[in-house]
Amino acid sequence: MSHRLGSMQTLPSPMRRFRESDIVDYCIVGVGSAGGVLVQRLARAGFRVVGLEAGPFWNTEKDWVSDEKGSHELYWNDLRITGGTHPLALGANNSGKGVGGGSVHWAAFAPRFHPSDFRVYTEDGVGFDWPMSYWDLKPYYELLERELPVAGPAWFPWGDPHGHPYGPHPLGGVGDVLVRGCTKLGIRSVAGGPVAILSASHGERPHCIYRGFCLQGCKVGAKASTLITHVPDAISHGAEIRAHAMASRISLRDDGRVDGVVYFDREGKEHLQRARAVIVSGYAIETPRLLLNSACPGHRHGLANSSGTLGKYLMAQAGNVVAGKFDELIRLYKAPPAHALSEEFYETDPRRGFARGFAVQTVGPLPVAFAKQMVAAMGAWGWGMRQVMLDYNHWATLGVLGEILPWEDNRVELAEEKDQHGLPVAKVTFNLHDNDKKLIEFGKNKVMEIMWAAGAKQVVQESRFAHLVGATRMGSDPATSVVDKFGRTHDIPNLFVCDGSILPTQGSANPGLTIQALAARTADYLIKQGDAIFYSNRRALQEPGIRYDLSPPFTRFKGNPHIA
Ligand SMILES: Cc1cc2nc3c(=O)[nH]c(=O)nc-3n(C[C@H](O)[C@H](O)[C@H](O)COP(=O)(O)OP(=O)(O)OC[C@H]3O[C@@H](n4cnc5c(N)ncnc54)[C@H](O)[C@@H]3O)c2cc1C
Ligand code: SF4
């Protein structure tokens, strides 16, 4: 009997199922961008692994439709409370729900962070330094760029300059606007990536056909998501992915070590999955929520929260969208939304009057998303909205992706409201601070300038935010952080966190590649430590050495061009 996950994911054998009484080695909560990579690595290394996933196991063929409204189910739509001076839009604007998590609906822009992102406090006196350097992560960036794989320009000039394993995509109408506007103003830009979308076939996966439904999951299979890049390999190596399993609490033994995860199945029945170690990979909101909901005697304020920082220093990137109307046809929907960018303004420039910077990127909203943006950007409504939408094919949209700093008052807490399982939901508070406001103002104006320079006849903009990270941050000091540089909680030796929530700062690169590179590094660390994780409290902090042999098929022998 074969296990069929979708048209391209027919596996030769059924998925392994552990019994309720089995004690597995690792129980991973959340099989998304990070969880998918972790589960694959640990299964390949021979560990007994269960991935608990709150959402469904997507069948790409049957469950997905090339339609904006029909893809609503891809998101975490459960109740969340939002507040603060600049409340974040939750739901479709942040995390996924279902195997693959946010990597199912991401646009797949895959730039690396810059070396300076790991030393923000040292270089600019703001934010925090990471407990590791860019150079520790660089081999994992290169590895994940091959595994997804990433298509992009042969010369990416910013940060640590590098090439990409797959060639760039052709330029769509929006990319053309970005390149044209930047060129007019003397701003360097790149086109065709970096994006985790195939510009040529890869194993059984076909190349992109430029139909623009990337945020709807990509039925074609050209866009990378852990659902198709890592999960099939995990299952082939004996991992169980248990869908519709909503973790409610991490179970703690009397000796201060965790021994499993309590979860609700699809019917609302409670189970305990026992494990020798637990890794939480639930996203920047659900990870702190689960740890806070796991409060118990000895951990009154949540698990792994002796520092009091759990839930704090949540970040979102400034994601203002600038729309410009052109005489000529642009056709926003043709080509992946993610295919051209400039990181010319990424680093701190003291002349601008604020620390850190921003990127300029293409965005390609389909009609429903575009209509919503135009309500906010120009108050379009009724007949006015009809007029705007009649001209949909003449509009181009470019995005600011700006670094908002980590602030203590931006946080995830537990609300009084409960979800369908009776669990307190997350309350997300988000405030903009002085540096953030100055950065957004500058970035927004610069992108509008680029749009005018490209020849737009009308330019409007919508303020928004994107990409939540932080709230369970990593650091060397247990007094100011939740986990160490390998994601191990400072307080509980066999409890780990590995997802976007551990980022201390966020740069102005999209976070997905970094999150997956960190997951591969954490997996190498766990594999190197072997059984010591299960029995010992000793905290080894040496780099593990990279395990190239653990990559999924078809990725090992493709090279990244190295640029001297
Ligand atoms: C519209 C959109 C476009 C984006 N485009 C890009 C892009 O172009 N490039 C980029 O780098 N990033 C992009 N992102 C961001 C990117 O998707 C996320 O940063 C990334 O997926 C986060 O990874 P993660 O592992 O932290 O969490 P996720 O990938 O969200 O995984 C978390 C998983 O945990 C599960 N889970 C949570 N709680 C529980 C629980 N209690 N029990 C069981 N399971 C649970 C969830 O269902 C989910 O599947 C985009 C995001 C959005 C919303
Ligand atoms: S544009 Fe390419 S990556 Fe996006 S949905 Fe279409 S085939 Fe998939």
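One-based numbering, in listed order, for ligands and for the atoms of each.
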**Complete:** Protein N/O/S atoms closer than 2.8 Å to atom 2 (Fe) of ligand 2 number 1
**Fill in**
Which of Q273, E270, R242 passes side-chain hydrogen bond (donor to acceptor under 3.5 Å, both in side chains) with Y263? It is R242
**Request:** Taking atom types as modelled, find out whether Y346 and D117 have a side-chain donor-acceptor pair closer than 3.5 angstrom.
**Result:** yes
**Asked** So with a 6.0 Å cut-off around NZ of K427, is the heavy-atom count from everything else above 12?
**Response** no
**Asked** If we ignore angles and hydrogens, is there a donor and acceptor under 3.5 Å between the side chains of H162 and Y141?
**Response** no
**Prompt:** Name the residues in contact with ligand 1, where contact means a heavy atom under 4.0 Å away: which are they?
**Reply:** V29, G30, G32, S33, A34, L52, E53, A54, W76, A92, N93, N94, S95, G96, K97, G98, G101, G102, S103, H105, W106, A107, A108, F109, L215, A245, M246, A247, S281, G282, Y283, E286, H467, D499, G500, N510, P511, G512, I515
**Request:** Establish, from distance only, whether the side-chain atoms of H105 and Q216 form a donor-acceptor pair under 3.5 Å.
**Result:** no
**Item:** Flag for T505-R356: side-chain donor and acceptor within less than 3.5 Å
**Value:** no
**Prompt:** By side-chain hydrogen bond (donor to acceptor under 3.5 Å, both in side chains), which residues pair with Q516, not counting sequence neighbours?
**Reply:** none
**Request:** On the 0 to 90° scale, with breaks at 30° and 60°, tag the F370-W395 ring pair as parallel, tilted or perpendicular.
**Result:** tilted
**Prompt:** For R80, which residues count as a side-chain hydrogen bond (donor to acceptor under 3.5 Å, both in side chains) partner, sequence neighbours excluded?
**Reply:** N94, S95, E286
